[in-house]
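Note sheet for the following structure.
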Amino acid sequence: MKRRKRLLPVKTSLGWDHPIAALENSTLEYEESEEEENDEIEAGEEETVPDPEKAEDPETYVQSIVRSRRTLCSKKAEIANLCCSVVQNPSENYAKLRQLRNFCVEIDSSCAVTVRKLAMISLATVFKDIAPGYYIRELTDEEKAVKVAKDTRALRDFEQSLVNNYQHYVGLLERYVQAVSGSQPSVSASSLKKLKNDREINQAGMEALAVTAAKCMCTLVQNLSHFNCSKQLVQALVPRLDSKQCNGDIAKACAETVREMFTQHGASEVNVEAVTIINKVAKTRRDGRLGVSFVEVLLCFETSQLAEASAAAASARKEQKEKEREAKAKLSRKEKKNLKASKKLDREMLEVQATESRDKRVKLQTELLKLIFSVYFRILKHSPHKSLLPAVLEGLAKFAHLINIDFFGDLFQLLDSIVSMSGLSTRERLHCVLTAFQILSGHGQTLTVDPRQFYCTSISACWNCAHPKVKVSCTLPRIAWG
């Protein structure tokens, strides 16, 4: 039996003609199946489909493809509808977040990988849109017992449900990443084992899900660093900066995210947590096992972001406080009371505007500098590997003017021993010289040291740069310094 197919209209002298062509059933089925297969290739599907050679009946193979395609389209539409409902009215439709989370553990083998990836990406976008610009803390028992207005109760229910769904979502992403990397899990062992033994997905599918989960975590850290679970996200991403320890795509995404964090946020609580983790990793991985990425990302900090923690800034703040104390002593009791109320009002305004006070900012900058130099000193003392020295020396040269005066003596001795090491490049030697001269030009003028070795190194480096074919070494008589 032949089927008819309407063709495009044709304009003739008598008017528009609508031709109809008769086609065989087999031709139509072949064209439909070919179009479906092309759509699957273009969509980048990774699901497993039956092998046509192993199938007993060719019609069964075609029907399975059509069924898989229809199932995937219906689940895509359902995910899209749920996301639209939540974004349009989060306060009323926040219960649908749980339905979206269920798609992240889809068990239908015909479309499990694609549906899970779509659900993870969609949830990351939804949370980025509906999350408030402040941290949501957990209510105390006394606060829960107090009767509040209906609007306040609705807002509390929305916030607590939002945090609960967000925590479960972050934990799920972390389990996907850990199931592939094999690191020590911070989540329940039973749920991690369930992901690893998922029979619906092969190893390649699990790796693809892990990469998607890591990218979703990176998106959350970049856009919701102020929100809940930010430290949990940082603790999951920062240890995966080294491509030798985990998937290369995951390491690349984590490194780009950490660099962007350090560049944009500067001295923040999230960055302090990230550098703390780097310091712990540097402490545990010695003898050249520390990846270069852990040290290179520290160069993304700008000196202007840490300037308030320098010794000069601290001295200026001390003088300013002395002046304020002297001026306050001359005020009357009423004026002191008004000044106290004014300062309290300023603090409240800063909290409302989500702006950090100068004291808190200085505290974070000081802690950040302490951690950065701790990483550098630990590498120079315990594992001065040649692959790490360039980044360490470049970082020291960049932040040398911010170093606390208590570290000057030990650092100068380290630089003196490193600059005489064999195998260093001219660039690395010049970084040592630059760091030493910056120390001696600032508060380090009080040190009693002999910079003869650094003068010789700088003169030899200048000559070697101008005449690379003629290598010379410079020696100067020992001089007194101080």
Side-chain angles (χ1 to χ4, degrees), residues 81-105 119-120 122-176 185-192 194 213 216-217 219-237 265 268-270 272-273 276 341 343-357 359-360 363-364:
N81 292 332
L82 289 172
C83 292
C84 291
S85 300
V86 175
V87 173
Q88 287 175 1
N89 196 346
S91 58
E92 292 185 2
N93 299 325
Y94 58 83
K96 295 182 179 180
L97 290 171
R98 184 168 185 174
Q99 300 179 36
L100 283 170
R101 285 196 291 113
N102 292 336
F103 282 109
C104 294
V105 288
M120 286 189 287
S122 301
L123 270 173
T125 305
V126 169
F127 280 120
K128 186 174 66 173
D129 291 339
I130 69 174
Y134 53 87
Y135 182 89
I136 299 177
R137 64 177 180 83
E138 186 177 358
L139 297 175
T140 62
D141 295 336
E142 290 125 4
E143 290 175 336
K144 293 178 181 179
V146 174
K147 292 184 178 181
V148 294
K150 184 178 180 180
D151 295 340
T152 305
R153 173 65 63 183
L155 178 61
R156 286 183 176 181
D157 292 342
F158 164 69
E159 290 180 342
Q160 296 304 316
S161 178
L162 177 63
V163 171
N164 186 35
N165 281 283
Y166 188 69
Q167 289 174 345
H168 281 86
Y169 172 61
V170 171
L172 182 64
L173 296 178
E174 190 175 358
R175 289 197 295 272
Y176 273 118
S186 61
V187 293
S188 60
S190 60
S191 59
L192 184 60
K194 183 178 179 181
C216 289
M217 296 173 76
T219 301
L220 296 177
V221 168
Q222 292 172 356
N223 297 276
L224 300 177
S225 60
H226 62 278
F227 196 54
N228 301 56
C229 300
S230 58
K231 288 187 178 181
Q232 182 179 350
L233 291 169
V234 170
Q235 291 170 359
L237 294 177
H265 300 296
S268 61
E269 294 181 357
V270 176
V272 171
E273 180 68 22
T276 302
K343 288 184 177 180
K344 183 179 179 181
L345 180 61
D346 292 340
R347 286 195 299 269
E348 292 176 353
M349 290 297 295
L350 288 175
E351 292 178 359
V352 171
Q353 298 173 1
T355 305
E356 294 178 343
S357 63
D359 293 339
K360 184 178 180 180
K363 183 179 179 181
L364 289 174

I'd like to check the side-chain contact (heavy atoms from CB on, under 4.5 Å) partners of A213; sequence neighbours left out, ordered by chain and number. M120, L173, Y176, V177
side-chain contact (heavy atoms from CB on, under 4.5 Å) with S225: which of E269, H265, K231? H265
Could you go through the side chain to side chain contact (heavy atoms under 4.5 Å, CB included) check for L172 and V105 one step at a time? CA-CA 9 Å; L172 182 64; V105 288; 4.1 Å; yes
Should C104 and L123 count as side-chain neighbours, where that means a heavy-atom distance under 4.5 Å? yes
List, one per line, each side-chain donor-acceptor pair under 3.5 Å for residues 152-163, sequence neighbours excluded.
residue : atom : partner : partner atom : Å
R156    : NH1  : E143    : O            : 3.1
E159    : OE2  : Y134    : OH           : 2.5
S161    : OG   : N165    : ND2          : 3.4

With S230 via side-chain contact (heavy atoms from CB on, under 4.5 Å) - residues at least two apart: V270
Can you give the donor-acceptor pairs under 3.5 Å from side chains of residues 88-99 to other protein atoms, not counting sequence neighbours?
residue : atom : partner : partner atom : Å
N89     : OD1  : S91     : OG           : 3.1
N89     : ND2  : E92     : OE1          : 3.1
N93     : ND2  : S85     : O            : 2.9
K96     : NZ   : S85     : OG           : 3.4

Rounded to the nearest 0.5 Å, how far apart are CG of L233 and CD of Q222? 11.0 Å
Considering residues at least two apart in sequence or located in another chain, which fulfil the side-chain contact (heavy atoms from CB on, under 4.5 Å) criterion with N81? none
Any idea which heavy atoms bring M217 and A236 closest together, and the distance? CE-CB, 3.4 Å
Using 0.5 Å steps for rounding, measure from the NZ atom of K128 to the CG atom of L224. 8.5 Å
On a heavy-atom basis, which atom in I136 and which in N228 lie closest, and how many Å separate them? O-ND2, 2.7 Å
For Y169, check ring-ring contact (aromatic ring centres under 6.0 Å, His included) against everything at least two apart and list the hits. F127
Quick one: list whatever passes side-chain contact (heavy atoms from CB on, under 4.5 Å) with H168, sequence neighbours left out. R101, N164
About how many Å separate CD of E273 and CD of Q232, when rounded to the nearest 0.5 Å? 11.5 Å
Let me confirm one number: the SG-OH distance from C229 to Y135, rounded to the nearest 0.5 Å. 7.5 Å
Tell me the closest heavy-atom pair linking L100 and L82, and the distance in Å. CD2-CB, 3.8 Å
